[in-house]
Protein chains: 2
Amino acid sequence: MTKLQKSIDKRNALIKATIELVNNNGFHATPMSKIAKMANVSPATIYLYFENKQDLVNQTYIEVKAKYTKYAFENYLESMSVEAGFELIWKRIADFKLNECKNAMFLAQCDNTPMIDEASRQEGIKHLQPLLDLWARGIKEGIIKPMSDYLLYAYSINPLSFLMISQKRGAFKLNDTNIQEAYESAWNSIRVINK
Amino acid sequence: MTKLQKSIDKRNALIKATIELVNNNGFHATPMSKIAKMANVSPATIYLYFENKQDLVNQTYIEVKAKYTKYAFENYLESMSVEAGFELIWKRIADFKLNECKNAMFLAQCDNTPMIDEASRQEGIKHLQPLLDLWARGIKEGIIKPMSDYLLYAYSINPLSFLMISQKRGAFKLNDTNIQEAYESAWNSIRVINK
DNA sequence: AAAAAAAGAATGAACGTTCATTTTTTATTA
DNA sequence: TAATAAAAAATGAACGTTCATTCTTTTTTT
């Protein structure tokens, strides 16, 4: 194994440990020493890869967010119809929250606490552009209600976070049936309804 | 001022300070000393009112959650139609998130982090029963889609949390117009749609 | 004057970070 | 290629600080 690879492995192990521990204990209740231990590394080693604890969690956030959006837009083409595009992206995001549960949990926590720098937060939002573009197109075509991106996001994508957290708490179990129900709810909340 | 009143005032000041500081810094980044200072009280005095820090935040959570549900169901009568009842409750909740912004922020953070004991979380959920009952009635009458409470909640009530957080970050401004849009989205996502 | 409430200072534990060394890798020379 | 020197990576222990909580003293109430 090359030197570079070893470095990447260590960095990845640190990021993985950070996600795991922050998910279970929150940012301030996860000491660097525990992150180091879980990553099989000395505490001091963390500081070779990251400036400090804040930098570690910022970088973790950006990395996970990038993974999320990459996953979401896989297979999406701008040539698709608005309906097809939305359904595809929505279901990919649902998949992510289901299959990459730990990553999704981590993002949910970051997005609801003052854990992350505002700058890193901005950095994370950038990659969502294709969805915003799709919505703009949908509105122009009269298929999607003319609402702000925030409303569209709140009623179609964001509820998945709540469902995931409920699932994590064991209060609710997502499956193929209610994923389809949820998708239809999401779509009905943003589409133009012909009476 | 009576002794009892003074005690209640002190307890309230402590809870208010906890909300303020946890909102801005998160649970673990708000020291007891700061809470004491903001409440004009000695750190030691906190321990006359609360067992420890965890107890302080648990009790704060339960108190705020109770306030939230009381606010939500004010004026609601079980004799109302499903549509009217839902609109009333939904708009009261929206009002709460708008007008009692700090309280709402606090709940959002509690609900998305491992900050609160599971027991206190359960305690907080109890008071939402009237809404669940309304949904059950709506489903029986064929007005609301037969979905689990979690899905109904996720797509109608919960998005308000996201909007509130976006507003807090200055990214989005809620007003009467988009509150109405949001309400219609919420209702369309859970109602039975006659094609 | 006794009891209760509140205060501030003190305590011990835990944390993020740094420091002095050691270990591992890479480059150079024979 | 083998030996060795230089550089880089990694370490565990140590440091200074911060924090939740407790202890002792003072103030307020009864």
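This is a predicted model, so every value here is computed, not measured. Every chain is numbered from 1, with letters handed out A, B, ... down the list of sequences. Only this structure's heavy atoms are used, side chains among them; waters, hydrogens and symmetry mates stay out.
Under the side-chain contact (heavy atoms from CB on, under 4.5 Å) criterion, B/N103 pairs with B/I19, B/V64, B/K67, B/F96, B/E100, not counting sequence neighbours. Listed by chain and residue number, A/Y153 satisfy the ring pair (Phe, Tyr, Trp, His ring centres under 6.0 Å) test with B/F162 (two or more places apart in sequence, or in another chain). Residues that satisfy the side-chain contact (heavy atoms from CB on, under 4.5 Å) test with A/S79, not counting sequence neighbours, are A/L77. A/Y150 meets the ring pair (Phe, Tyr, Trp, His ring centres under 6.0 Å) test with B/F172; sequence neighbours excluded.
A donor-acceptor contact shorter than 3.5 Å is absent between the side chain of A/N178 and the backbone of A/E181.
In the region residues 18-42 of chain A, proximity to DNA chain D at under 4.0 angstrom, judged on heavy atoms, holds for A/V41, A/S42.
C/dT18 atom P lies 11 Å from atom CG of A/L48, rounded to whole Å. Between A/L14 atom CG and D/dA10 atom C1' there is a gap of 12 Å when expressed in whole angstrom units. Atoms CZ (A/F50) and C1' (C/dG16) sit 16 Å apart, rounded to a whole Å. Look at OH on B/Y47: it is 14 Å from C1' on D/dC23, rounded to the nearest Å. Whole-Å rounding puts the B/I46 CD1 to D/dA20 C1' distance at 10 Å. Whole-Å rounding puts the B/K10 NZ to D/dT27 C1' distance at 11 Å.
Between B/Y49 and the phosphate of C/dA6, there is a side-chain N or O to OP1/OP2 separation shorter than 4.0 Å. Within the 4.0 Å cut-off from OP1 or OP2 of D/dT21, not a single side-chain nitrogen or oxygen of B/K53 is found.
Taking Ile, Leu, Val, Met, Phe, Trp and Tyr as members and joining any whose side-chain heavy atoms lie under 4.5 Å apart, directly or through other members, the hydrophobic cluster of B/I165 also contains B/M105, B/M164.
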